[in-house]
Amino acid sequence: MRLNTRILDILRQQAVGETVTICGWLRTRRDSGGLSFLEINDGSCLANLQVIVEDQLDNYESEVKKLSTGCSLRVQGALVASPAKGQAVEVRAASIEVIGWADPETYPLQKKRHSFEFLRSIAHLRSRTNALGAVTRVRSALSFAIHRFFHQQGFLQVHTPVITTSDCEGAGEMFTVTALEPGQLQGAAPFAGDFFGRRAGLTVSGQLQAEIYALSHGLVYTFGPTFRAENSNTSRHLAEFWMLEPEMAFCDLAGDMAMAETMIKALVAAALDECAADLALFEQHVAKGLIDKLTLVRDRPFVHFTYTEAVAELERSGRGFEFPVQWGIDLQAEHERYLCEEVAGAPVIVTNYPENIKPFYMRLDDDGRTVAAMDILVAGIGELVGGSQREERYDVLAARMAGAGLDREQYGWYLDLRRYGSVPHAGFGLGFERLVQFVTGMQNIRDVIPFPRTPGSAPC
Ligand code: 4AD
Ligand code: MG
């Protein structure tokens, strides 16, 4: 089957006089003086293509006059210069073929704007709206930009497993994967007779496996779905989300932060360059000031605080935070947002967190109290990136693992990487949906992933 012309290509090339065949879904139909004006969208771009249909067409009365929002069509016709404002070309239809009807009595998408809450209840149709369609394109552009960026920087992509027996973050938020029936999970060793002979789960992070490949190939990244059974019903948490995790050998915390900042700037620049029409929609209808915000992120250096400085800044603020601040607490979204929105006016990188609030693999600082961690915080979201220099010293790591209660035998392979040719290395994880939220200004993380999984909700 030959592919049809996409509306995006027509608008880019605007070859008046050419005959085109386009396929898409009807947004609106308006009739006037023996003509029908159809607005068609094919998802390739935000813009609709206007199609003018004359009443001489064979199926004008029998079909065209019955078309309603949501019908799918194949249109053939000539591109002509458009007299209408806001579009350079339109199609004068030579034929209209109705591929699929959409009953106007029951089709849930009307011409009016729908709330995002309502659209969440029709996950199978919401990508046909302007806003969710735009999210889909921005998400795809950002995903491609990630691969392009790391390819250009000389990184290799490594596919880390979805099913794993390591709980990287040590927070006990792993979904268990079992082939047993619930009643069979009993006794002192409930997983001994299970598929893998031990407890396995869905990955919470590909980092530990990425470290293996960084210690053979130097620069690697993994980018895939990640799962957390954390009961956080917020606008920034999902139970299934995508995480990008680069890992770099012969790299320290400073190199890690520099790479993350360069990458975020490159991704924001890509969105500004490649998704201008979609970002203009978000600017107008979702987040005023979005384009200026993104331009500043692209152009201005990020602001650095140590955790200790950040806590001092928060204590000095005089703000009545919901979670009171003192040295040793984990920063909450309200603190993170205050730091970038009120103090820095830019993304903030907070480093050297207390060791007891961070996972076992982070490199212990010389003071013995903090670790070489870094979180990147952005306006409206809070934590976008979490990363660190990894503990490369065998003895220190072994002690940290014992302190965290990790089974030395099970994580023996991780310790081996410190026995054989260990090197300083570092990496970070970027929550991809939080990036899409940041770039689009969308308020709720459930609206930037096609099929959100949250506590109590996995409809299809
Ligand atoms: O800070 P986190 O937990 O870091 C790690 O998993 C490290 N292993 C990463 C690494 O160093 N390779 O998660 C990284 C990022 C967070 O900063 C946040 O953006 C996102 O993942 N994230 C979530 N996004 C959506 N829903 C959730 N439940 C998330 N939990 C973390
Ligand atoms: Mg984190």
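We count ligands from 1, going down the list as the structure has it; atoms in each ligand are counted the same way. Owing to the predicted nature of the structure, the values given are computational and were not obtained by experimental measurement.
A side-chain N or O of D194 and one of T178 form a donor-acceptor pair less than 3.5 Å apart. A donor-acceptor pair shorter than 3.5 Å cannot be found between the side chains of E433 and Q437. In this structure, a donor-acceptor pair under 3.5 Å is present between the side chains of T164 and Q209. Side chains of Q443 and S235: a donor-acceptor N/O pair is absent below 3.5 angstrom, by distance only. Between the side chains of S388 and R363, no donor N or O sits under 3.5 Å from an acceptor N or O.
Taking all heavy atoms of R236, Q207, E169 into account, the minimum distance to atom 25 (C) of ligand 1 is reached by R236.
With respect to the salt-bridge test (charged N to carboxylate O, under 4.0 angstrom), the residues E274 and R148 qualify. Taking 4.0 Å as the cut-off between side-chain N and carboxylate O, R390 and D256 do not count as a salt-bridged pair.
Note on ligand 1: E433 sits outside its first shell, no heavy atom being nearer than 4.0 Å. E247 does not count as a contact of ligand 1, since none of its heavy atoms falls under 4.0 Å from the ligand. Residue contacts with ligand 1 leave out F432, since none of its heavy atoms falls under 4.0 Å from the ligand. Look at R390 and you'll find a heavy atom under 4.0 Å from some atom of ligand 1.
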Run the side chain to side chain donor-acceptor pair (under 3.5 Å) check on N352 and T306 step by step: do they pass?
CA-CA 6 Å; N352 309 99; T306 64; 5.9 Å; no
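The closest protein non-hydrogen atom to atom 12 (N) of ligand 1 is E245 OE2, 2.8 Å. The closest protein non-hydrogen atom to atom 6 (O) of ligand 1 is R228 NH2, 2.8 Å. Ranking the protein heavy atoms by distance from atom 22 (N) of ligand 1 puts F241 CE1, 3.5 Å first. With respect to atom 17 (O) of ligand 1, the closest heavy atom belonging to the protein is E383 OE2, 2.6 Å. In terms of protein heavy-atom proximity, atom 19 (O) of ligand 1 is nearest to L384 O, 2.9 Å. Counting protein heavy atoms only, atom 18 (C) of ligand 1 is closest to R434 NH1, 3.6 Å. Here the heavy atom of the protein found nearest to atom 20 (C) of ligand 1 is G431 CA, 3.5 Å.
Below 4.0 Å from some heavy atom of Y361 lie the following atoms of ligand 1, by number and element: 7 (C), 8 (N). Counting atoms of ligand 1 from 1 in the listed order, those under 4.0 Å from a heavy atom of G386 are 1 (O), 9 (C), 10 (C), 11 (O), 17 (O). The ligand atoms of ligand 1 that sit less than 4.0 angstrom from a heavy atom of M243 are 6 (O), 13 (O), 14 (C), 15 (C), 21 (O). The S205 neighbourhood of ligand 1 comprises atoms 6 (O), 8 (N), with distances under 4.0 Å to a heavy atom of that residue. Listed by number with element, the atoms of ligand 1 under 4.0 Å from a non-hydrogen atom of G429 are 9 (C), 10 (C), 11 (O), 12 (N), 14 (C), 15 (C).
With a 4.0 Å cut-off on non-hydrogen atoms, F428 touches ligand 1 through its backbone and not its side chain. Under 4.0 Å from ligand 1, the heavy atoms of V385 that appear belong solely to its backbone.
For Y338 and F321, the gap between ring centers is short of 6.0 Å. Under the 6.0 Å cut-off for aromatic ring centres, Y221 and F150 qualify, their centroids lying closer than that.
Where the criterion is an N or O separation shorter than 3.5 Å, residue side chain and backbone included, L238 meets it with respect to ligand 1. Considering backbone and side-chain atoms alike, H237 places every N or O at 3.5 Å or more from each N or O of ligand 1.
Shown here is F175, whose CZ atom has more than 12 heavy atoms of other residues, nucleotides or ligands within 6.0 Å. Residue-environment remark: CZ (F118) exceeds the threshold of 12 foreign heavy atoms within 6.0 Å. No more than 12 heavy atoms of other residues, nucleotides or ligands shown are found within 6.0 angstrom of NE2 on H151.
Metal site remark for the Mg ion (ligand 2): E383 contributes an N, O or S atom at a distance under 2.8 Å.
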